[in-house]
Structures are given as C-alpha cells and as structure tokens.
Amino acid sequence: MTKSGSRLQRKILFIMVPLLLVAAILLGAYDYYKSMKIQQAELLENVKNLATMTALITKGETIEKIQTREEFNTIFFRELQNQLSQIRQHNNLKQGSVRILRRKGMNTEIVVTDQNYNAIGLSFDFWTEMNPAFDGQLSGKYLSKDGRNLVAGIAPVLNADLTPVAILIIEKEVNQTYAGLLDFFVAPAIASVFLILCLFWVVNSQGRKINKRIYWFTENLERVKNGQKLSLEESDAYLNELVPVLTNLEVELKGYAENRQEREKIQKQITALLRTVNAAAEGDFTQKAAVTADTLGALADSFNLMVSDLSALIRDAKNSADQVSSSTRNILNNIEMMSRGAADQAAKTEDISQSAKEMAELITNTNQNAHRAAEAAQKAKTVAEDGSEILKKSITGMHIINNSVSEAARQVGILRENSTRIGEISDFIRELSSRTNLLALNASIEAARAGEAGRGFSLVVEEIRNLADRANKSAVEISDLISDIQNGISKTVRAIEKGTNEVSQGTELVDKAGDTFREILGTVDISTKSVVDISAATQEQTKFSKDIVSALEKIAGIAKETAENAKLSREAASNLEALSKTLNQAVEKFRLAH
Amino acid sequence: MEIAGNSYSILNIGDKYFGVEIFGVREIIQLPKFTKVPNTHKSIIGVFNLRGEIYSIIDLRVLIEMPANPVNNKNLVVLLRYESLNFGVIVDKVVDIVDIDPADLQQPDRDIPVSYKKFVSKYYKHDKLGNIYILNIAALSSAEEIAGYRYR
C-alpha cells in the first residue's frame, strides 16, 4: 500500500508540477504582455501631454530653418535641452531617452537631445510609426535594443500655426513593470504550495488507513487473548483477512525491519520538509529545507531553489513597486505643476487676448483718423489751389495798380509844369501891376503939377492905382496858392514815389507768396500720399491684429486642453498610486532571507 | 486928396519917410541899368541915360549917414530937377502923394538928427507914418558931393 502511495506521489510530482508550472508561466507571460500594452498606452498618454508642452516651448518656427551646428548652440536650444532633461527627470527615465527629430530626406535627423550634444545633426533610424507623428498624430512603438525592452512614444512638435515641424520621441524601458511580475511569480508559488499540500494529504491518509487495519487486528487479537470466542464468521473473516495481511506483514515486517531506521529518517525528513513548506506557504521564505541524497532531498533542493528564486523575484517586485510609487509621486508633482502652468497660461493668454483686442480697436481708430487726415489733406490741397488762383489774380491786380500809379505820377508831373506856368503868369501880372502902379504914381504927379486942370485926371489916376494895387494883391494871392499847390504836388510826387516802391515791393511779395503756395501744394501732395500710405498700413495692421487674436484664442484652447489632459493624467497617476499601494501591501506579506 | 499949392511926394528909405515938393519931381522910375563912374563920391552909385538926358543916381543913405543897404531891382529912383541939374535919388518905396498945409510944417529942431539938418528944411508929423522930413532939393543939388558932376 505504501509503495503504491509513493508511486502516486511520484506521478504527481513528475507530471502535474511541470504542467502547472507551464500553465502558470503562460498565464504570467500573457499578463506581462497585457501590462506592457497598458504601460505603452499610459506612456503614450504622458508623451501626448509632454508633446503638447514641448510644442508650446519650442514655438516651432526655428527648428525647420536651422542649418549649421553652431546655430543649435543658442540659448533657445539650450533651454529646450534643459526642458527635455526635466522631462527625463520627472518621468524617471533612467534607461530611456528624450529627443526631438526632424525629417532629412529618407531618414531623420536629431535636432535636440537632452544628454549628448554631439548627437545633434546625426541621422536617426526611420520607423514607419514616425509617419503619423510627422502628420500631427500620436503613435507608439515597441522595440528591443541591446537586450532591453523599450516602449517609444512618438509625438508631433508643432509650429506656432499648429503645423507639425518635428517629432518628439520618448523611450522608456519596459522591465520596470510590476503587475506582470506579480502574476508571473505569485501564481507558480501558489500552485506549488497547493501541490505540496496535496502530496501531504495523500501521504497522511495512506498512513491512517494502515493504522486502522492494525487497530482492527490488535482488537481481535486482544479479544482472543482474553478468551473471548469469535464467531465463525468473524474468525473466518479475520483469518481471511489475516492470512494475506500476515503474508504481507511478514514481507512488510521484513522490509520494515530492514528499513525501519531509514523510514524513521524519512519520516523526520518529511516532517522537517513539511514545516518548511508550511512556513513558505505562510509567506516566510527565511527557512530552508534540509537537502539529502535521496528523493526527498532532491525535492527539498528543488523547493529551496524555487523559494530562493521566488525570494529574488519578490525582492525585485518590491523594488519595482517602490520605484513605481516614487515615480507616481513625481508624475503627480509634474502634473500639478503642469496644471498650474496651464491655468496660468490660460489666464495670461486671456489677458494678452484682451490687450490684442484693445490694440485692434486702437488700430481701427488710427485707421479712421488716417482717413480723416487724408480728407483734410485733400481739402488743404483744394484750398491751396484756390489760394494760388486768387494770388495769380492779385498779381495781375498789382500790375494794374502799378500802371495806374505810373499814370498818376505822369499826370502830377504835367500838373506841376502847368502850375509853374501859372506861377510865371502870376509873377508877370504882379510885375504888370507894379508898373501900372508906378505909371499911376507918375500920372498923379503930372496931374498935381497941372494943378486945377489935372484935377479930374488925378481922380482917374487914383482909381488906376487902386486897380493896380488890387491886381498886385490878387497876383500875390495866386502866387501863394501856386506855391501851396506846388508843395502839395511835391508831397503827392513823394507819396506816389513811395506808393510805386510799395507797389513794386507788394508785387515781389505776392510773387513770393505764389512760390510759397506752389511749395505748399507740393508739401500737401506729399502729406496726402503719406496719409494714404498710413491708411493702407493700418488696414494691414488691423488684419494682423485679427490674426494675433485668433492665434491667441487657439493658444487658449490648447491651454484648456492641457488643463483637461492634466486632470486625466492626475486620475491616471492616482490609479497608478493606488495600484502601487496594493502591490506594496501584497509584497509586504512575504518575509525574505537576506 | 486935396489939390493945393503944396503937394508932396512921400518917399520911404529904410524906416524913415521923406517928403519932396512935387514940382521938383520929374518922374518916378524903376531902378534902370546904370553905369558906375570911377573917382566920384561914394554917394553917387552911377549914371544912366533916360530919353537922351543923363542922370546921376544919389544914395541918400550915404549923405544923411543912414545904415548902408545894397541896391536891388525893387528899388525905385525918384528923378529930380533943380535949375538945370537932373539927378535921381534911390528910394525903397514911393508911399503916396499928399497935400500938406504949410502951417503944419515945423522948423527942424534938436529932435532931428544932426546929419539930416544939411538937407532937411522942415518936417511934418504924420498921423500914421510919424515924422516926414521935407527934403531941400536946392541944398541937395548944391551939395558939393553932387554939384561937382553937373552937366551942362
């Protein structure tokens, strides 16, 4: 019976254990693959957020245009590089890499990397997964490099007008996973414990069966010894039972005697092994099964090996869980920062947008003012032309005045000659009157000498003297008048001369005014043209400011999206944190040998 | 004007007035072109010819020691005749011809300047013109300054 029991044990050991192990490994591998997929998806989500941030940092336009390596060594690219290394630190990418690539012919070219400046400008492999990123879509790739398993997230780097100009690649090593590892190692452990418990039950039940039979024989034997008679049927059955038993017993006892010591040893070994297995089943991996040269020893050795492997794996799992926990904390911090940054950005963008709108209004005002100025300039031109026309007329008028003044001067000259003649005539009259007076005087002397006869004559002479006196007085008056007239004429002549001078000066001034008006017309033309130019420029400005406003609105939209994404990322990271806590709790149950 | 036996022609020289008996006056003329005569008394300005008779022109200012005054063409010449002697006295104006009552004529007294006394016989006080000194033609014509050049 014991022989057949140990055979069964062996069967179970050699067939079931490998089968269970293979099944467990397959299950673990499936979970590992699944977790890798989940991780890839999470990474892609992170990369998406990072890529959005990077697009905002790069602001695009320079990445396309840069030609030489010296151009990469600018402050802008240094900052970008710092940004990439921050991305690396925050995501705990110890083995991975962060780089920005751009298209170069059939290949790609490294534009910025956070680690090795010498790598800038070098060619990079072209993956078909890059195509969607260059078209502005997110993608991912699973790859193995130098025996390491990596997940690569590929995101587009956007220009200011949201056209993709380059791509951002973030590589992360996969064996930092945890869920797969948990399933991979806990499942075979549980299976093995179950298997060992089965084995224990089988051995135990066989032993109890043997004991029962021995008890039955001993009881009947006691009854016979005590003089009790067994019934026929009882004794027959007893004998029937006993004969083969005894036969067997003989053989067994023989063997038992031979193997008694050995069996006791085996019994001890099994007890020790079971204690160890029980401890392991309770999570205590510090105890080790004693290894002997027999079959049980081989089993113990295998068990020890398994336990030590399990210990190592659980330690790894614990480490990984710790790493995951710290990474999750970092990610949460990053997300917090990102969220705050996005909120700030949204608020500032709102401010800028407001300012840009105000600027647009100002520009519109300027445009209206420019229109008004153009109209005013047109009016000024018309007025200046009218003024020029009036001035031409006044020049003609001045010439006419000049001619009139010359004519007046000529007439006054004639008047002066005439008055001079009148003066001569009046002098002559005075001379005449003086002579007449003298003649009258002589005549009155003659009359006086004639005595009584000249009396009548003396009266006539007296009258003649009176007339001559009056004529003389009139002539004197005329002389005075003429001299007055001549004074007046002299004054008139002087006035006319002055007038002539003033007229010629006036003509000159009017000519100058004409020149000035022509200059004004030229200047007004120029200013009209300038105002028209200003008007056109402000119209363009209006268009540009509208573009700026719409671009700002787009940026605000992106910031809003970033904030939403940050929220999603926070939820994902919280889930991750919860998972890592669960994992830690699961792993804490095990006590490991050091 | 009253016609009487004693009509006088009133002459004006400077600020003084002189009277000449009208019968002694031949004619009054404007200052004619005259010829200066050398080696004569300085009171004789020159001689001239009027209608064939020669007259000498006497400056009374020199004779009666009045302030000298250069002659000009506004001066008049009163032609006088005494016996056969013709001469002219240069005057500034001939004011009028007046009749004077001989009773109103006064003898020269000490109010008359000494230099006048040789040629003034009497004087007459006029209402407006003041003293009118009546010239003594005979004394003038016989004056040694003039008499020496008498023609005959």
Side-chain angles (χ1 to χ4, degrees), chain A residues 417 419-487, chain B residues 1-13 17-33 48 50-51 53 55 57 72-82 86-102 128-129 132 134-135 137:
Chain A
E417 274 174 30
S419 72
T420 310
R421 264 190 69 70
I422 289 168
E424 282 168 10
I425 288 164
S426 85
D427 281 350
F428 176 68
I429 288 168
R430 207 158 53 174
E431 176 73 24
L432 210 66
S433 72
S434 150
R435 278 169 181 265
T436 307
N437 192 30
L438 207 60
L439 275 176
L441 209 60
N442 284 324
S444 69
I445 290 167
E446 286 301 326
R449 249 207 302 265
E452 207 51 42
R455 197 174 178 87
F457 184 61
S458 77
L459 285 171
V460 174
V461 167
E462 186 64 30
E463 276 309 305
I464 289 167
R465 271 194 69 194
N466 285 343
L467 281 174
D469 270 348
R470 275 160 64 187
N472 188 35
K473 275 179 191 162
S474 296
V476 167
E477 275 175 20
I478 287 168
S479 272
D480 288 349
L481 280 176
I482 289 294
S483 95
D484 279 359
I485 285 168
Q486 280 186 342
N487 277 343
Chain B
M1 190 197 260
E2 259 178 65
I3 303 295
N6 300 316
S7 289
Y8 293 88
S9 180
I10 309 297
L11 315 172
N12 165 240
I13 302 169
Y17 293 91
F18 299 93
V20 188
E21 204 177 344
I22 206 160
F23 290 104
V25 177
R26 286 196 65 168
E27 199 175 345
I28 299 162
I29 58 166
Q30 286 184 314
L31 183 67
K33 282 185 178 172
F48 70 95
L50 178 70
R51 293 189 284 270
E53 290 187 46
Y55 292 84
I57 303 172
N72 60 51
N73 56 2
K74 281 187 177 174
N75 287 124
L76 297 175
V77 178
V78 178
L79 298 180
L80 302 173
R81 183 187 176 89
Y82 186 74
N86 291 325
F87 61 94
V89 175
I90 193 161
V91 297
D92 291 339
K93 269 180 196 165
V94 175
V95 178
D96 206 352
I97 292 165
V98 294
D99 288 341
I100 299 170
D101 192 342
K128 293 170 188 169
L129 303 173
I132 294 173
I134 306 298
L135 289 175
I137 300 171

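Atom set for the values below is all heavy atoms of this structure, side chains included, hydrogens, waters and symmetry mates excluded. Naming: A, B, ... by sequence-line order, numbering from 1 per chain.
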key: Interface moiety of B:I29 toward chain A, non-hydrogen atoms closer than 4.5 Å   = backbone

ask   = With a 4.5 angstrom heavy-atom cut-off, which part of B:V78 approaches chain A: side chain, backbone, both or neither?
value = neither

A:E446/B:R26 salt bridge by N-O under 4.0 Å criterion =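 Judged by the 4.0 Å cut-off on N to carboxylate O distance, B:R26 and A:E446 do not form a salt bridge.
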
message = Just by distance, no angles: are the side chains of A:E462 and A:S444 close enough, under 3.5 Å, to form a donor-acceptor pair?
response = no

Centroid separation B:F87 to B:Y55 less than 6.0 Å = no

Closest non-hydrogen atom pair between B:G88 and B:L79, with its separation =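 So the minimum-distance heavy-atom pair works out to CA-CD2, 4.0 Å.
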
key: Student check: side-chain heavy atoms of B:N73 and B:K33 closer than 4.5 Å   =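 SC-SC contact between B:N73 and B:K33 ruled out.
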
request  = Output the residues of residues 427-440 of chain A for which the shortest heavy-atom distance to chain B is under 4.5 Å, in residue-number order; output 'none' if no such residue exists.
outcome  = A:E431, A:S434, A:R435, A:L438

Where at least one partner belongs to residues 466-484 of chain A, residue pairs that pass salt bridge (Lys or Arg N to Asp or Glu O under 4.0 Å), sequence neighbours excluded = none

query = Do any N or O atoms from the side chain of B:N72 and from the backbone of B:K74 form a donor-acceptor pair under 3.5 angstrom?
reply = yes

